[in-house]
*Asks:* 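Attaching a single structure in structure tokens format; questions to follow.
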Protein chains: 2
Amino acid sequence: MGEKKQTFRDYLSQQGLKSTRQREIILDEFLRCDSHLSTEDLYLKLRKKHPGIGYATVYRTLKIFSECGIAEARNFGDGQTRYESTTCEEHHDHLICKDCGAIIEFEDPGIEQLQEQVARDHGFAIVSHRLEIFGLCAKCQNKER
Amino acid sequence: MGEKKQTFRDYLSQQGLKSTRQREIILDEFLRCDSHLSTEDLYLKLRKKHPGIGYATVYRTLKIFSECGIAEARNFGDGQTRYESTTCEEHHDHLICKDCGAIIEFEDPGIEQLQEQVARDHGFAIVSHRLEIFGLCAKCQNKER
DNA sequence: CGACTCCTTGAAATTGGTTTTCAATTTAAC
DNA sequence: GTTAAATTGAAAACCAATTTCAAGGAGTCG
Ligand SMILES: [Mn+2]
Ligand SMILES: [Mn+2]
Ligand SMILES: [Zn+2]
Ligand SMILES: [Zn+2]
């Protein structure tokens, strides 16, 4: 079984929560899908095979995913919260195309280090951060002409 | 008269919009106040001296401020859009205290340069970006113990 | 100064994503 | 099985943002 599924089940029992058919289905679909899905995105995908599952359940389940660390909530300023599966990989930030919505992930240790320096300079203790770069992806730059 | 006020008036006439008592009052108060105010923050401050001014007018006026470049909309993830007066200074990013809500501004040319490098590496054309570092300010770190 | 046009205003209604409520159902432990 | 507690889905509530609309105001032209 996937590591994520195990993590989720462990979290549920440890919190006195219950393992249900819906939660399993939602997790399976979430892990199968591309990342950066909104609640509604996932709800609509699920509805095709499982019309009975309610929006509220998807919403609540995604929240549990992020509580137990297998997903992370993101907010790219389009008014919808998006969730992405946390991989074993490191933290990453995003390039976001304003035209087609494409999301490119990147990591830059240099930027991260400079952030820590900035925080130190202000006596500030970092808990988290987010860096989003908005613009046009290569494809959309070519389209423009 | 302040440069901002002139910019605003020029923008209004150039767009065929009208200069009104309310817009003048709202601009004065906005310029007097601390930055990073939400629409509601500003509305509540205004209401003390000018109970007649409506929320919708404050909302619409802030929008015009950002259109004409004298204010910038920010979104720090607390579910409210905040506006800050654009100074003659450069772009800046923010350190945000999760405890007391304090907002510290900073500029780091090194970070900006690395961002440009990242974009180049992906053939991405930057239009804007935002970097927010969340954590605890010096004061709140001391409170914790 | 009017008269006229178009813009603006404030209150209230609407929108859209998110979150909660509640009665019925399901889970898990005994 | 019985039972207590958690879960579910539909609907309602929430809440910031945005729009609507009728009344009022600004600017223009004579
Ligand atoms: Mn990502
Ligand atoms: Mn600022
Ligand atoms: Zn694109
Ligand atoms: Zn603080």
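Chain naming here is simple, since letters A, B, ... match the order of the sequence lines and numbering starts at 1 in each.
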*Asks:* Output the rounded distance in Å from CG (A:Leu62) to P (D:dT8).
*Replies:* 12 Å
*Asks:* Round to a whole Å and report the spacing from CZ of B:Arg21 to C1' of C:dC7.
*Replies:* 16 Å
*Asks:* Please report the distance, rounded to the nearest Å, between CG in A:Leu42 and P in C:dG17.
*Replies:* 16 Å
*Asks:* Check whether any side-chain heavy atom of A:Phe8 sits under 4.5 Å from a side-chain heavy atom of A:Ile64, and report yes or no.
*Replies:* yes
*Asks:* For residues 108-133 of chain A, which residue pairs pass the salt bridge (charged side-chain N to carboxylate O under 4.0 Å, His left out) check, not counting sequence neighbours?
*Replies:*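 Residue pairs passing salt bridge (charged side-chain N to carboxylate O under 4.0 Å, His left out), neighbours aside: A:Arg130-B:Glu132, A:Glu132-B:Arg130.
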*Asks:* Write down the protein N/O and nucleotide N/O pairs, taken from nucleotides 14-17 of chain D, whose separation is under 3.5 Å; answer none if there are no such pairs.
*Replies:*
residue : atom : partner : partner atom : Å
D:dA16  : O3'  : B:Gly79 : O            : 3.4
D:dA17  : OP1  : B:Thr81 : N            : 2.8
D:dA17  : OP1  : B:Thr81 : OG1          : 3.0

*Asks:* Counting only heavy atoms not in A:Lys98, do more than 12 sit closer than 6.0 Å to its NZ atom?
*Replies:* yes
*Asks:* Return the polar atom pairs (N/O with N/O) between nucleotides 3-7 of chain D and the protein under 3.5 Å, or none.
*Replies:*
residue : atom : partner : partner atom : Å
D:dA5   : N3   : A:Lys18 : NZ           : 2.9
D:dA6   : O4'  : A:Lys18 : NZ           : 3.1
D:dT7   : OP1  : A:Lys18 : N            : 2.9
D:dT7   : OP1  : A:Arg23 : NH1          : 2.3
D:dT7   : OP1  : A:Arg23 : NH2          : 3.1

*Asks:* What is the distance from NE2 of B:His50 to C1' of C:dT8, rounded to the nearest Å?
*Replies:*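 Spelled out: NE2 on B:His50 to C1' on C:dT8 is 18 Å.
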*Asks:* Scan the side chains in residues 47-61 of chain A for donor-acceptor partners under 3.5 Å anywhere in the protein, sequence neighbours excluded, and list what turns up.
*Replies:*
residue : atom : partner : partner atom : Å
A:Arg60 : NE   : A:Ala56 : O            : 3.4
A:Thr61 : OG1  : A:Thr57 : O            : 2.6

*Asks:* Linking Ile, Leu, Val, Met, Phe, Trp and Tyr by side-chain heavy atoms under 4.5 Å, what else ends up with A:Leu131?
*Replies:* A:Leu95, A:Ile104, A:Phe106, A:Ile111, A:Leu114, A:Val118, A:Phe124, A:Ile126, A:Ile133, B:Leu95, B:Ile104, B:Phe106, B:Ile111, B:Leu114, B:Val118, B:Phe124, B:Ile126, B:Leu131, B:Ile133
*Asks:* List, by chain and then residue number, the residues other than A:Phe76 in its hydrophobic cluster (Ile/Leu/Val/Met/Phe/Trp/Tyr, side-chain heavy atoms under 4.5 Å); write none if there are no others.
*Replies:*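 Besides A:Phe76, the cluster holds A:Ile96, A:Ile103, A:Phe134.
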*Asks:* Could you give the CD-to-C1' distance, from A:Gln14 to C:dA28, as a whole number of Å?
*Replies:*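 My rounded result for the distance is 17 Å.
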*Asks:* Out of the candidates B:Lys4, B:Lys18, B:Arg9, only one should pair with B:Glu24 under the salt bridge (Lys or Arg N to Asp or Glu O under 4.0 Å) rule; please name it.
*Replies:* B:Arg9
*Asks:* Kindly say whether the aromatic ring centers of B:Phe65 and B:Phe30 come within a distance under 6.0 Å.
*Replies:* yes
*Asks:* OH of A:Tyr43 versus P of C:dT19: gap in Å, rounded?
*Replies:* 17 Å
*Asks:* In whole angstrom, give the distance that lies between atom CD1 of B:Ile26 and atom C1' of C:dT8.
*Replies:* 11 Å
